[in-house]
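Below is one structure; the comments refer to it alone.
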Amino acid sequence: MTTDDIKDMAVKLAVLIDSFETRGDAIVRQNTLAAAAMAEAAQDASRVAGHVSTQAVETLRQTASTALEHGLREPLSQTERQLQASMSRLREATVELEKQVRTAGKLQKATAWKVFAACAIASLGVIGVAAYAAMHARTEMARAEWTGGINAAVASGNLAPCADGGICARVDGKRWVRLDRTEN
């Protein structure tokens, strides 16, 4: 694996992390807007229910007054009970909708934290790859510098193959010393 491969991999990881962060931000915005819309719908439903129930009670009272005058107490009483039961169900539905809005908000927070954690882990991966690439580049630079030094010594005549094999270096400009002595 070359340094360019590692750099390409680091760039790709950075692009991937950026994509995760962009997607995560979009999801968080969408969830926030959805939660706000649901909360607003629940409040609207609650207001409408209150308004409708107030109007219905007033209408029922007027109708009951007229009906009582005409001897319809029992049918009106049944109608009033049914209307109250309907209003009770409407209130329960509104409460349930508000619970769902709160649950959706909690889910949105959990999703946002998961996206944050995934981005943090991916960032640590990119940092690791970058550190490895830097260490590898440093090693390659030292090796290239060492090879350059050997080439310069060969070019200046201070480094040459020994007569009996191996590598010899000129010391003090006069004598040749073997550098790769092997123990026999």
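The model shown is predicted, which means the values in this text are computed figures rather than measured ones.
Counting Ile, Leu, Val, Met, Phe, Trp and Tyr side chains that sit under 4.5 Å apart, directly or through other members, Leu33 stands alone, with no cluster partners. Cluster note: Val101 groups with Met38 through ILVMFWY side-chain heavy atoms spaced under 4.5 Å, whether in direct contact or through intervening members.
With sequence neighbours left out, the salt bridge (Lys or Arg N to Asp or Glu O under 4.0 Å) criterion links Glu140 to Arg143. Residues passing the side-chain hydrogen bond (donor to acceptor under 3.5 Å, both in side chains) test with Thr2 are Asp5, sequence neighbours excluded. Take Leu90 and apply the side-chain contact (heavy atoms from CB on, under 4.5 Å) test, not counting sequence neighbours, and it matches Ala49.
Listed by first and then second residue, the ring-ring contact (aromatic ring centres under 6.0 Å, His included) pairs that reach into residues 148-168 come to none, sequence neighbours excluded. Residue pairs meeting the ring-ring contact (aromatic ring centres under 6.0 Å, His included) criterion with at least one member in residues 25-46, sequence neighbours excluded, do not occur. The salt bridge (Lys or Arg N to Asp or Glu O under 4.0 Å) pairs that include a residue from residues 144-165 are Asp164-Arg178, where partners are two or more places apart or lie in different chains. The side-chain hydrogen bond (donor to acceptor under 3.5 Å, both in side chains) pairs that include a residue from residues 85-96 are Ser86-Arg89, where partners are two or more places apart or lie in different chains. Sequence neighbours left out, the pairs with a member in residues 32-59 that pass salt bridge (Lys or Arg N to Asp or Glu O under 4.0 Å) are Asp44-Arg47. The list of disulfide (SG to SG under 2.5 Å) pairs with a residue in residues 133-179, not counting sequence neighbours, reads Cys162-Cys168.
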Scan the side chains in residues 106-127 for donor-acceptor partners under 3.5 Å anywhere in the protein, sequence neighbours excluded, and list what turns up.
unit_1 : atom_1 : unit_2 : atom_2 : d
Gln108 : NE2    : Val28  : O      : 3.4
Gln108 : NE2    : Thr32  : OG1    : 2.4
Thr111 : OG1    : Leu107 : O      : 2.9
Ser123 : OG     : Cys119 : O      : 2.8

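The structure places CD of Gln43 at 7.5 Å from CD of Glu98, a figure rounded to the nearest 0.5 Å.
You'll find the side chain of Arg102 reaches within 4.5 Å of the side chain of Lys99, heavy atoms only.
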